[in-house]
Amino acid sequence: MEKKRITIAIDGHSSCGKSTMAKALAKRIGYAYIDTGAMYRAVTLYCLEHDMIKGDEVNKPRLRRHMSKIEITFKVNDEGKSETWLNGKNVEQEIRGMEVSSKVSLIAAIGFVRRAMVAQQQAMGRNKGIVMDGRDIGTVVFPDAELKVFVTASAQVRAERRYKELQSKGDTTTTFDEVLANVVERDRIDSSRKESPLRQADDALLLDNSHLSLDEQNEWLYNEYLSRIK
Ligand code: DC
């Protein structure tokens, strides 16, 4: 018998391991994985490359005119990993750097950017069988998702994880305190913005993974998935 295909929405704070667990689940159950944060990051990179951000000011009229020229896609590389492409260029590495990280909340707070991204995300999930991670997936993008999880961990733990990740990628200039400040500041902007602020959907399961191993959280998520397809 065909297995029931569902929509899985994973939301939560930045750097809490959402994407790691979302990717692992998608691979295990043969679903597509969509990292929506990467889409906001790609728009941010586009703005930086086109000189549309000065300090904390975004040139919104110009960005609005450019929106139709910004094409974001995901391609699976030779190792089976999904990578982000912006207008025909692989930007997977660039969008994870500190420059983009420090500006992305400004871009993700803009209404017309969010509406464009949400429309694309809804199109990608039309046929279900998808694991999508972000901030507003269970509240805005797929309010009817069969499984919704809201993931969090302490700011200290999240900064430690992101710091290790940057170091493993060869970043020797960013300090731990800068990473921690960035995590705290992004939480503040993401939760207090007017457009789709980060919040737990009423019917989402809360997962605080500060003290969970990767295997533990993966098993937990897999079991929740199994209980939804019965
Ligand atoms: O998950 P991430 O750290 O790559 O997300 C980057 C930024 O984009 C973060 O500031 C929150 C924002 N974001 C959002 O507003 N909505 C989403 N669905 C995904 C990310």
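Ligands are counted one by one from 1 in listed order, and the atoms in each one are counted from 1 as well. Keep in mind the model is a prediction, meaning the values are calculated, not measured.
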If you measure from the Lys or Arg side-chain nitrogens to the Asp or Glu carboxylate oxygens, is any gap between Glu160 and Lys164 under 4.0 Å?
-> no
Short version for Arg114: what comes under 4.0 Å of ligand 1, heavy atoms counted, is side chain
Note: heavy atom closest to atom 20 (C) of ligand 1, options Gly37, Ser102, Ser105, Ala38, belongs to Gly37
Scanning both residues in full, the closest heavy-atom pair of Ser15 with Arg186 reads OG-NH2, 4.1 Å
| request: Mark the output for Gln121 as yes if a heavy-atom distance to ligand 1 is under 4.0 Å, and as no if none is. | output: no
- [ ] Decide, yes or no, whether a salt bridge links Glu224 with Arg228 under the criterion of side-chain N to carboxylate O below 4.0 Å.
- [x] yes
For Thr36 and ligand 1, does the shortest N/O to N/O distance drop below 3.5 Å?
yes
- Query: Got Leu207 and Met21 here, is their nearest side-chain heavy-atom distance under 4.5 Å?
  - Reply: yes
The answer for which part of Met39 has a heavy atom under 4.0 Å from ligand 1 is neither
Less than 4.0 Å is my threshold; does some heavy atom of Arg193 fall inside it relative to ligand 1? yes
Ligand 1 atoms nearer than 4.0 angstrom to some heavy atom of Tyr40 are 8 (O), 13 (N), 14 (C), 16 (N), 17 (C), 18 (N), 19 (C), 20 (C)
Closest to atom 12 (C) of ligand 1 by heavy-atom distance, out of Ser101, Ala109, Ala108, is Ala108
query: Could an N or O of ligand 1 be found under 3.5 Å from any N or O of Asp35, whether backbone or side chain?
result: no
Hey, mind stepping through Met67 and Met117 against side-chain contact (heavy atoms from CB on, under 4.5 Å) and telling me if it holds? CA-CA 10 Å; Met67 280 313 288; Met117 296 302 114; 4.0 Å; yes
Between Arg114 and Ala108 (side chain of the first, backbone of the second, donor and acceptor by atom type, cut-off under 3.5 Å), is there such a pair? yes
Logged contact type for Asp190 with ligand 1, heavy-atom cut-off 4.0 Å, is side chain
Are any of the N or O atoms of Ser14 closer than 3.5 Å to those of ligand 1?
no
Under 4.0 Å between heavy atoms, the region of Arg135 that gets near ligand 1 turns out to be both
Quick check against the 3.5 Å criterion: does Glu216 have a side-chain atom that pairs as donor or acceptor with the backbone of Ser213? yes
